[in-house]
Amino acid sequence: MELPNGIESTQELLDAQAHIMSHTMHFINSMSLKCAVQLRIPDIIHKHRKPMTLSELTDALPINKSKSLCVERLMRVLINSRFFTKLKISEDKEGYWLTPSSHLLLTDKPFSMTSLVIAYGDPIFTDPFHRISEWFETKDPTPFVTIHGKTFWEQAGEDLRLNRFFNESMASDTWLVSSVILKDCRHVFEGLKSMVDVAGGTGTMAKAIADAIPGLKCSVLELPHVVAGLEGTQNLTFIVGDMFESIPQGDAVFMKVIITIVMH
Ligand SMILES: C[S@@+](CC[C@H](N)C(=O)[O-])C[C@H]1O[C@@H](n2cnc3c(N)ncnc32)[C@H](O)[C@@H]1O
């Protein structure tokens with residue numbers, strides 16, 4: 001067998017093929033994760049309170065039972081990506097159990113990331129990634145604009161569903177991050193009198209910081225559709241504006257998930 005140019009051994013040939021296959025199929029990991037959240041597999045296993053066998057899990061799932069064999073395949077993908085683990089129940093039985101990551105996929109629990117998984121797995125986010133090469137040929141600022149003819153933020157301003165689920169998913173992420181920041185980096189905010197959270201979403205971070213630091217007044221600069229109907233408090237103010245036009249004065253400026261997402 002003649003090896004292609006640039007490949008020196010059969011092993012290198014097979015490694016290169018596996019490498020390409022792995023990256024080509026990688027989207028299956030994201031979609032399997034989304035499916036697990038939609039089917040509430042973490043909740044079902046958690047509610048069972050002990051490792052769950054394949055047949056117990058299949059019975060508990062709201063699925064067409066003719067698909068039960070595929071549950072095993074789905075769980076295999078999810079175990080491989082460390083969302084679940086398999087534990088021995090008895091000599092000849094194993095059961096699925098949660099990992100630290102799947103504890104964050106329980107609904108209605110602190111730090112739940114389910115809304116983020118669903119939001120980022122939505123076609124509104126994934127479709128533009130199918131069109132990146134086409135976007136490179138245009139002058140459009142993002143692939144989202146190539147598909148929808150407007151920026152993501154403009155679209156969210158017109159589409160209530162998108163606005164709601166995006167804001168919710170950001171708030172859930174921020175809930176977790178704000179807890180860690182206030183636990184480990186509280187000293188950064190101490191002594192400040194005012195702080196502006198630029199593009200601060202629905203104010204989850206600013207509220208957490210303002211509540212934790214006495215004497216600190218926080219404001220959130222945001223687009224109108226994000227803060228419509230939200231009311232501030234004595235130490236939290238919502239300001240409608242465009243961060244590319246002006247940023248209100250403050251002792252400190254806070255930005256989370258802005259530089260890479262909004263600045264282009
Ligand atoms: C990825 S989200 C991050 C939200 C928040 N910082 C968080 O981490 O939860 C980006 C935010 O930027 C806001 N945004 C986008 N363009 C903006 C602009 N020109 N001026 C102010 N806010 C903007 C969006 O409405 C959105 O809430």
Side-chain angles (χ1 to χ4, degrees), residues 30 104 110-129 140-186 188-189 192 194-213 216-233 235-264:
S30 315
L104 297 190
F111 304 154
S112 172
M113 294 184 73
T114 52
S115 58
L116 194 112
V117 172
I118 299 295
Y120 281 107
D122 192 279
I124 194 111
F125 281 103
T126 55
D127 284 353
F129 287 92
D140 299 337
T142 61
F144 193 94
V145 174
T146 305
I147 291 195
H148 298 282
K150 55 186 85 153
T151 67
F152 177 81
W153 314 112
E154 288 164 341
Q155 177 80 14
E158 293 166 18
D159 178 343
L160 261 181
R161 182 194 80 104
L162 176 61
N163 184 37
R164 206 189 56 239
F165 85 52
F166 182 74
N167 294 339
E168 275 174 19
S169 70
M170 284 286 76
S172 72
D173 174 62
T174 300
W175 183 239
L176 185 155
V177 175
S178 65
S179 304
V180 175
I181 285 182
L182 286 168
K183 179 176 165 285
D184 293 347
C185 313
R186 195 190 160 91
V188 172
F189 305 97
L192 295 176
S194 60
M195 190 192 85
V196 187
D197 186 354
V198 174
T202 48
T204 307
M205 180 66 80
K207 183 172 185 322
I209 295 173
D211 286 350
I213 310 291
L216 174 56
K217 287 195 187 302
C218 290
S219 37
V220 175
L221 176 71
E222 253 299 346
L223 297 175
H225 59 270
V226 177
V227 291
L230 295 181
E231 289 202 2
T233 60
N235 52 1
L236 175 70
T237 316
F238 291 100
I239 301 170
V240 171
D242 180 340
M243 67 181 193
F244 295 116
E245 284 176 9
S246 75
I247 290 181
Q249 292 253 325
D251 288 351
V253 160
F254 186 96
M255 283 185 162
K256 170 178 167 287
V257 199
I258 303 301
I259 307 294
T260 50
I261 295 204
V262 181
M263 308 291 242
H264 53 232

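Atoms within each ligand, like the ligands themselves, are counted from 1 in listed order.
You'll find the ring centres of F125 and F144 outside the 6.0 Å limit.
Under a 4.0 Å heavy-atom criterion, G241 is in contact with ligand 1.
Looking at ligand 1, you'll find an N or O of K256 within less than 3.5 Å of one of its N or O atoms. Close N/O approach between D197 and ligand 1 is not found [any backbone or side-chain N/O within under 3.5 Å]. Between G200 and ligand 1, no pair of N/O atoms sits closer than 3.5 Å. For M243, a nitrogen or oxygen atom sits less than 3.5 Å from a nitrogen or oxygen atom of ligand 1, counting backbone and side chain alike.
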| message | Set out, in order, the CA-CA distance, both residues' side-chain angles and the distance that settles salt bridge (charged side-chain N to carboxylate O under 4.0 Å, His left out) for D122 and R161, then state yes or no. | response | CA-CA 12 Å; D122 192 279; R161 182 194 80 104; 3.4 Å; yes

| query | Given T233 and N235, is the side-chain hydrogen bond (donor to acceptor under 3.5 Å, both in side chains) satisfied, shown in steps? | reply | CA-CA 5 Å; T233 60; N235 52 1; 3.0 Å; yes

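Side-chain atoms of E222 come within 3.5 Å of backbone atoms of G201 as a donor-acceptor pair (strictly under, hydrogens ignored).
The option from V220, T174, V198, L223 that lies nearest to atom 14 (N) of ligand 1, judged by heavy atoms, is L223.
Every atom of ligand 1 is numbered from 1 in the order shown, and the set under 4.0 Å from a heavy atom of V257 is 1 (C), 3 (C), 8 (O). Atoms of ligand 1 lying under 4.0 Å from at least one heavy atom of V226, given by number and element, are 25 (O).
Counting all heavy atoms, side chain and backbone alike, I239 lies closest to P248 at CD1-CG, 3.8 Å.
The parts of D242 lying near ligand 1 are both backbone and side chain, judged by heavy-atom distances below 4.0 Å.
Aromatic ring pairs are classed by plane angle as parallel below 30°, tilted from 30° to 60° and perpendicular above 60°; the pair W175 and F111 is tilted.
By the 6.0 Å contact criterion, CD on E158 is enclosed, its count of non-hydrogen atoms from other residues, nucleotides or ligands being greater than 12.
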